[in-house]
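Just below is one structure, and these are the notes that go with it.
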Number of protein chains: 2
Amino acid sequence: MFSKTCEYAIRAVLYIAQMSKNGEKVSIKSISKGIDSPEHFIAKILQELSKKGLVQSLKGPTGGFYLSEHSKKHSLADIVKAIDGEKIFTGCGLGIGQCSEEFPCPIHNDFKVIRKKLFDLLQKTKVNEFNTQLEAKLAFLKKNHT
Amino acid sequence: MFSKTCEYAIRAVLYIAQMSKNGEKVSIKSISKGIDSPEHFIAKILQELSKKGLVQSLKGPTGGFYLSEHSKKHSLADIVKAIDGEKIFTGCGLGIGQCSEEFPCPIHNDFKVIRKKLFDLLQKTKVNEFNTQLEAKLAFLKKNHT
DNA sequence: TTTATAAAAGATATTTTTATCTTTTATCGA
DNA sequence: TCGATAAAAGATAAAAATATCTTTTATAAA
C-alpha cells in the first residue's frame, strides 16, 4: 500500500508523538529502537519530515525530535503525501496515465470509492491520537513488544 | 497500490479477454500495443501468468495468447495474488511483521475494513466482464485511445 | 521436411528503493 | 571557551523492481 519509507515515517511520527507529549525530545537511536527500523535510514527519513515541517528537531546534547503543537495536529495523510506523494489517492489503479472520468480504466469507478475511503480515513486520523493506546500497550509500533 | 508489473498484468489479461473472446489468439506485439507496455517486459509477465494457468498460449505461426473457459472466470484478485502476492490483502498497513488482532498496530482495525473492501471488489470482478465496455470504447486500457 | 513464426527461457542492463557510512554543523553543559 | 552530543548533509552501497536482449523450443503452413 505504502512504500517502506512511508511505513517507517508514520511509525516514527506516532512514536515521537507519544514519547514527546510532555515536551521531551526523542533521539534517533530511541526512535530506531522504538519502531524497529534501521537507524541511519530513519535518520534520513526524519531529515525529510523535518524539512517539510512535519516534525521538529534540535541538534546537540538534550536535542532530538519532537512535535510542535501544530505538528501534533497533522494527519496521517499529510505524512503519506510528504513521502509517497498523492499518487495513491489520485492515481489510476491500473497505472494508466490519463485515466479520467471521461476516459476511465475498467475499474475506475470502483477504485475511486476505495481510494476515497482510504484518504478520508488517513485524513481524519491525527498523529497524536494514539498516545494513550500506545502508552497502555493496546497498540504497537514494532513486532517485538516484549 | 499494485506494482507496475501487476498493473500491466491486469491490463494484459483484460486485453486478451476482449481480443480473444471468439477463439482468436493475441500476439505479444498486439498486447504490448493494446495496453501501451514495453514489449519484452509484458512478454515476461505473460510467461509467468501462463505458468500459473491464468492465461493460455500457443507457440508458432497463428499462435499467441488466449483464455480458456476456466481462465475467463478468474478474478482480478487471482491476478494480483499471482503477481504481488497476498500482502496487499493481509499485510499490516504500517509494515509491522507480527501485526495481529492480539497485537495490533494503531490503524489495524481501520485498515482491515479497507483491505476487505479492496479484496471483495477484486474478488467479485472477473476478467471477462469488461469485454463489451472495452469494445464500445466506454473503458480504456491505455492512455492513447485515439 | 523445411521454413517462418511466435512464445519460452535465460542472461543482462537499468532504474528505483532501501540502507549504510562519513563528515559537517548546531547546541548544550562543564 | 571547549568538549561532548545529536541531528543535518552528503556520499556510497546493496537490493529489488523494471526493462531489454539473445537464444531456444514448439507449432503451423507451405
Side-chain angles (χ1 to χ4, degrees), chain A residues 1-13 15-16 19-20 23-67 80 83-85 87-88 95, chain B residues 1-13 15-16 19-20 23-67 80 82-85 87-88 94-95:
Chain A
M1 189 83 83
F2 310 129
S3 71
K4 217 163 175 186
T5 305
C6 190
E7 292 172 350
Y8 286 146
I10 295 173
R11 281 153 64 189
V13 174
Y15 183 78
I16 295 169
M19 297 297 280
S20 74
E24 306 91 328
K25 296 188 201 78
V26 198
S27 72
I28 285 176
K29 222 176 272 282
S30 164
I31 296 167
S32 157
K33 279 180 190 161
I35 69 170
D36 195 21
S37 73
E39 191 175 321
H40 289 107
F41 193 40
I42 198 62
K44 269 286 169 233
I45 297 168
L46 287 169
Q47 226 179 82
E48 191 66 22
L49 291 175
S50 173
K51 272 185 197 165
K52 299 198 172 170
L54 289 165
V55 303
Q56 281 65 46
S57 71
L58 199 68
K59 292 181 182 180
T62 76
F65 292 88
Y66 62 98
L67 300 186
V80 172
I83 302 293
D84 283 351
K87 196 164 160 271
I88 191 161
Chain B
M1 190 83 82
F2 309 129
S3 70
K4 218 163 176 186
T5 304
C6 189
E7 292 174 349
Y8 286 146
I10 295 173
R11 281 152 65 190
V13 174
Y15 183 78
I16 295 169
M19 297 297 279
S20 73
E24 307 92 327
K25 296 186 200 82
V26 199
S27 73
I28 285 176
K29 222 178 270 283
S30 164
I31 296 166
S32 157
K33 280 180 189 161
I35 70 170
D36 196 21
S37 73
E39 191 177 320
H40 289 106
F41 192 39
I42 197 63
K44 269 288 170 232
I45 297 169
L46 287 168
Q47 227 178 82
E48 192 66 21
L49 291 175
S50 173
K51 272 185 197 165
K52 299 198 172 171
L54 289 165
V55 303
Q56 282 64 46
S57 71
L58 198 69
K59 291 181 180 180
T62 77
F65 292 87
Y66 61 99
L67 300 185
V80 172
I83 302 293
D84 282 352
K87 194 162 161 271
I88 191 161
L94 299 185

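As the structure is a prediction and not an experimental result, all values here were calculated from the model. We name chains A, B, ... by the order of the sequence lines, and we start the count at 1 in each one.
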Nearest whole angstrom, please: distance from the C1' of D:dA29 to the NZ of B:Lys25.
13 Å
Value rounded to 0.5 Å, distance of CG in B:Leu54 from CD1 in B:Ile45:
13.0 Å
To the nearest angstrom, the CD1-P distance between B:Ile42 and D:dT18 comes to 12 Å
With sequence neighbours left out, write down each residue that passes ring-ring contact (aromatic ring centres under 6.0 Å, His included) with A:Tyr8, or none if nothing qualifies.
A:Phe41
I need the B:Lys51 NZ to B:Leu49 CG distance, nearest 0.5 Å.
11.0 Å
Mind checking which stems touch DNA chain D? I mean at least 3 consecutive Watson-Crick or G-U pairs, both distances under 3.5 Å.
C:1-30 with D:1-30
In terms of the nearest nucleotide of DNA chain C, which residue is placed more toward the 5' end: A:Leu58 or A:Glu39?
A:Glu39
Taken in chain and number order and not counting sequence neighbours, the residues that satisfy ring-ring contact (aromatic ring centres under 6.0 Å, His included) with A:Tyr66 are none
Kindly write out the residues that satisfy side-chain contact (heavy atoms from CB on, under 4.5 Å) with B:Ser50, not counting sequence neighbours, or none if the list is empty.
B:Val55, B:Ser57
Between CE on residue A:Met1 and CG on residue B:Leu94, distance to nearest 0.5 Å:
10.5 Å
Tell me what B:Val55 touches on the nucleic acid: a base, only sugar-phosphate, or nothing, going by heavy atoms under 4.0 Å.
nothing
Inter- and intrachain pairs under ring pair (Phe, Tyr, Trp, His ring centres under 6.0 Å), touching residues 42-61 of chain A, at least two apart
none
Which sits closer to the 5' end of DNA chain C, A:Gly63 or B:Ile31, going by the nucleotide each is nearest to?
B:Ile31
A:Ile10 vs A:Phe2 side-chain heavy atoms within contact, under 4.5 Å
yes
Contact class for A:Ile28 vs. all strands (heavy atom < 4.0 Å): base, sugar-phosphate, or nothing?
sugar-phosphate
Tell me whether the OP1 or OP2 atom of C:dT5 has a side-chain N or O from B:Ser27 closer than 4.0 Å.
no
Listed once per pair and sorted, the side chain to side chain donor-acceptor pair (under 3.5 Å) pairs that draw on residues 27-48 of chain B, sequence neighbours left out
B:Tyr15-B:Ser30
Shortest non-hydrogen contact from A:Ala12 to A:Leu46?
CB-CD2, 4.2 Å
Below 3.5 Å between N/O atoms, which protein atoms pair up with nucleotides 1-5 of chain D? Just atom names and distances, please.
residue : atom : partner : partner atom : Å
D:dT5   : O2   : A:Pro61 : N            : 3.4

Please state how far atom CG in B:Leu49 lies from atom P in C:dA8, giving the value in whole angstrom units.
10 Å
Which heavy atom of B:Lys25 sits nearest a heavy atom of B:Thr62, and at what distance?
CD-O, 3.7 Å
To the closest 0.5 Å, what do you measure between CD (A:Gln56) and CZ (A:Phe65)?
10.5 Å
B:Gln56 has an atom CD; how far is it from atom P of D:dT27, in whole Å?
14 Å
Can you give one letter per nucleotide of nucleotides 10-19 of chain C, 5' to 3': B if a protein heavy atom sits under 4.0 Å from the base, S if only from the sugar-phosphate, - if neither?
BB------SB
Rounding to an integer number of Å, can you tell me how far B:Glu48 CD sits from D:dT18 C1'?
15 Å
Atom CZ of B:Phe65 to atom C1' of D:dA26: distance rounded to whole Å?
13 Å
Between D:dT18 atom P and B:Arg11 atom CZ, what is the distance in whole Å?
13 Å
